[in-house]
Q: 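This is the structure, below, for whatever I ask next.
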There are 2 protein chains.
Amino acid sequence: MTVTLADVAARARVSPATVSRVLNGNYPVASSTRERVLRAVDELDYVLNGPASSLAAATSDLVGILVNDIADPFFGIMAGAAQSEIGGPGDGSGRAGGEKLAVVCNTGGSPERELTYLTLLQRQRAAAVVLTGGALEDPAHQAAMAAKLAKLADAGTRIVFCGRPPLPDTDAVAAALTFDNRGGARRLTEHLIALGHRRIGYVAGPLERTTTRHRLEGHREAMAAAGLQGDEENLTEHGPYDRGSGYDATRELLRRAPDVTAVVAANDTVALGACAAVRDRGLRIPEDVSVAGFDDLPFSVDAVPALTTVRLPLFEAGARAGRLAMGKETPPPGGIATIDAELMERGSTAPPSH
Amino acid sequence: MTVTLADVAARARVSPATVSRVLNGNYPVASSTRERVLRAVDELDYVLNGPASSLAAATSDLVGILVNDIADPFFGIMAGAAQSEIGGPGDGSGRAGGEKLAVVCNTGGSPERELTYLTLLQRQRAAAVVLTGGALEDPAHQAAMAAKLAKLADAGTRIVFCGRPPLPDTDAVAAALTFDNRGGARRLTEHLIALGHRRIGYVAGPLERTTTRHRLEGHREAMAAAGLQGDEENLTEHGPYDRGSGYDATRELLRRAPDVTAVVAANDTVALGACAAVRDRGLRIPEDVSVAGFDDLPFSVDAVPALTTVRLPLFEAGARAGRLAMGKETPPPGGIATIDAELMERGSTAPPSH
DNA sequence: CTGTTAGCGCATTCAT
DNA sequence: ATGAATGCGCTAACAG
């Protein structure tokens, strides 16, 4: 019923091994033979049996890309860039040659699902795994992750981090691309302070996430350097990285500290919610309250006024992670590269008017 | 080096067949035996060899979800919802039981890549494939798709469409969930006409996409019903489904037809660009020009003014597609279900002031 | 450059 | 309810 490699071999009058060789292209084959084989492949409409070849070769062409939230462009941009480097351009025939199958897996931010996906990828003998976005700081989960990643690496799976700080005790990770969240956050808050703000609220991300902590630390560094520490509790609110959370947290912040003249959000999406909360309170942006975000997602420039934020080169980072995962690029020294974050000053921040 | 099912069998003092049976859970096994086996699995930290079991069973636990643009929340929301139904909740152990591996594949809107992914999934003997978003109307590509899908279905892969019109001549597709793009677009334009608009520009999506065509047709139906047809060429502009395109197209539209009092965009992302273009020309929204979008993505309510648009239940549709792909839900009668689109009237549309 | 020979690790008959 | 035997389709030595 289903056509196998042996059928192709018979039709092309060669041995199965030869067919395998032309299909995988890693071996010298006479071009006349190759043509004969390819013709047989087309005539028979043959498609390689992936499981069989993965079993025999003890490795598959699957590459997993783990993301926390697939509906968030932050991850979508990185994943898309990585995938475009991994999947290859395709040859236009739709026939699929030696391409890898780059697939993205949505953990939803759940540590259990993260581990489950890793196990599933391990089960498939994935060629590589790219982990994007911040990590959870729970020690138990970190240990479980380190153990799992070690096992994957052991089995030959290449591990790459993208926008995630390197694991402390594991050399299983081939390369870690990490964003300068702390520095970016510091420069953003310095910008606000330079504008004259003194009471600055901070709508942070969820607790126990490295991204949350690093950005918050950068913010507080800047505050402390200006002698503005001391009221962190009133000025900080935590919540998920989504719009609704930004709205709620900002409402609460404005209630508790009505004298703030600026609100810094954990990311652009949260900042959008913050803007809405500020407006709903009858305050103008930036005249009454400045608002700033983080990431510089595509929609940020379209906010009204345009959102001051910190640009992260998500596409470039994702593409590089993809290349690293494919072994097409040599890892940075020490396996770790820090990626700069650039302050984007726009209309949503201005000097306080009172 | 790597621990196999035979190792587990030896440790549990049972035959390999028994281990296979408890792991797949489809067979009666004495519970004492089962426990012994599971203990051995944990002790040995055994992970099933996916390729081997797929080869033996002639089917894999891979489920592919194809999207046109992974960085677009339109697709991210659907894909995430589908994935959550497919991947299962996980058992919290990270051990991975009988779960499917739901993976999303980014075609970037390229027909070649779409076919390539399908071939790759065919090669993996995928259990199911979900195709999201509008299709390309190029006959050659449609034929190639139909052929490929037929082959997949033939090999036992379940095919589900989500937000894509059913293929005319194929019964390979188990179920097609299609959005009422035409009806939604019609109601949106009727809303504008009811407000008093007569000169309405339309920033359409890329040519040859079903989504583009259906939305445009709905718009024109409404225009024609009000006797407003006749200047389609001046009032229509095509471009990709992105922000920059919306900006450029709207600039051009306003230049060519400065008397328009409303602009309808192909989707919310394009509408954002349209808003920027309107403002850059010194016009106010909605006083001088009304703007409307389509999809009701999360950010649309945060636009200023909030965007009038047509809501598509993306999450619900994606979840249903996921269930359909898993065989957890019976297909709609005829295999086709049309999903309603709801008009959301918000601040970006108002009666024309001149 | 090409053919021959062995498994890869597991699911599934068929027995018991 | 469990064990023994067979083959899924392919790649990778090893020869030639």
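Chain letters run A, B, ... following the sequence lines, proteins first and then strands; every chain starts at 1. A quick note: this is a predicted structure, and the numbers were derived from the prediction, not measured.
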Q: Classify every nucleotide of nucleotides 11-16 of chain D by which part a protein heavy atom approaches to under 4.0 Å, writing B for the base, S for the sugar-phosphate alone and - for neither, in 5'-to-3' order.
A: SBB---
Q: Check the distance between C/dT2's P and A/E35's CD and give it to me in whole angstrom.
A: 12 Å
Q: Would B/T116 and B/T119 count as a side-chain hydrogen bond (donor to acceptor under 3.5 Å, both in side chains) here? Give the steps.
A: CA-CA 5 Å; B/T116 300; B/T119 301; over 6 Å; no
Q: Return the set of residues passing side chain to side chain donor-acceptor pair (under 3.5 Å) with A/T132 (not counting sequence neighbours), or none when no residue passes.
A: none
Q: It should be established whether A/T18 places a side-chain nitrogen or oxygen under 4.0 Å from OP1 or OP2 of nucleotide C/dG3.
A: yes
Q: In whole angstroms, how far is the C1' atom of D/dG9 from the CG atom of B/N49?
A: 14 Å
Q: Give a yes or no on this: more than 12 heavy atoms of other residues, nucleotides or ligands lie within 6.0 Å of atom CD of A/E137.
A: yes
Q: Between D/dT6 atom C1' and B/L55 atom CG, what is the distance in whole Å?
A: 13 Å
Q: With the side chain counted from C-beta on, respond yes when A/L324 and A/L177 share a heavy-atom pair under 4.5 Å apart, and no when they do not.
A: yes
Q: Tell me the interatomic distance from A/R125, atom CZ, to C/dG9, atom C1', rounded to whole angstroms.
A: 9 Å
Q: In whole angstrom, what separates A/D7's CG from D/dC8's P?
A: 12 Å
Q: Heavy-atom nearest nucleotide on DNA chain D for B/A30 versus A/T4: which residue maps closer to 5'?
A: B/A30
Q: How many whole angstroms separate atom CZ of A/R36 from atom C1' of C/dT2?
A: 11 Å
Q: Side chains of B/H141 and B/E114: any donor to acceptor distance under 3.5 Å?
A: yes
Q: Please name the residue in the list B/L66, B/V130, B/I70, B/V63 that meets the side chain to side chain contact (heavy atoms under 4.5 Å, CB included) test with B/V104.
A: B/I70
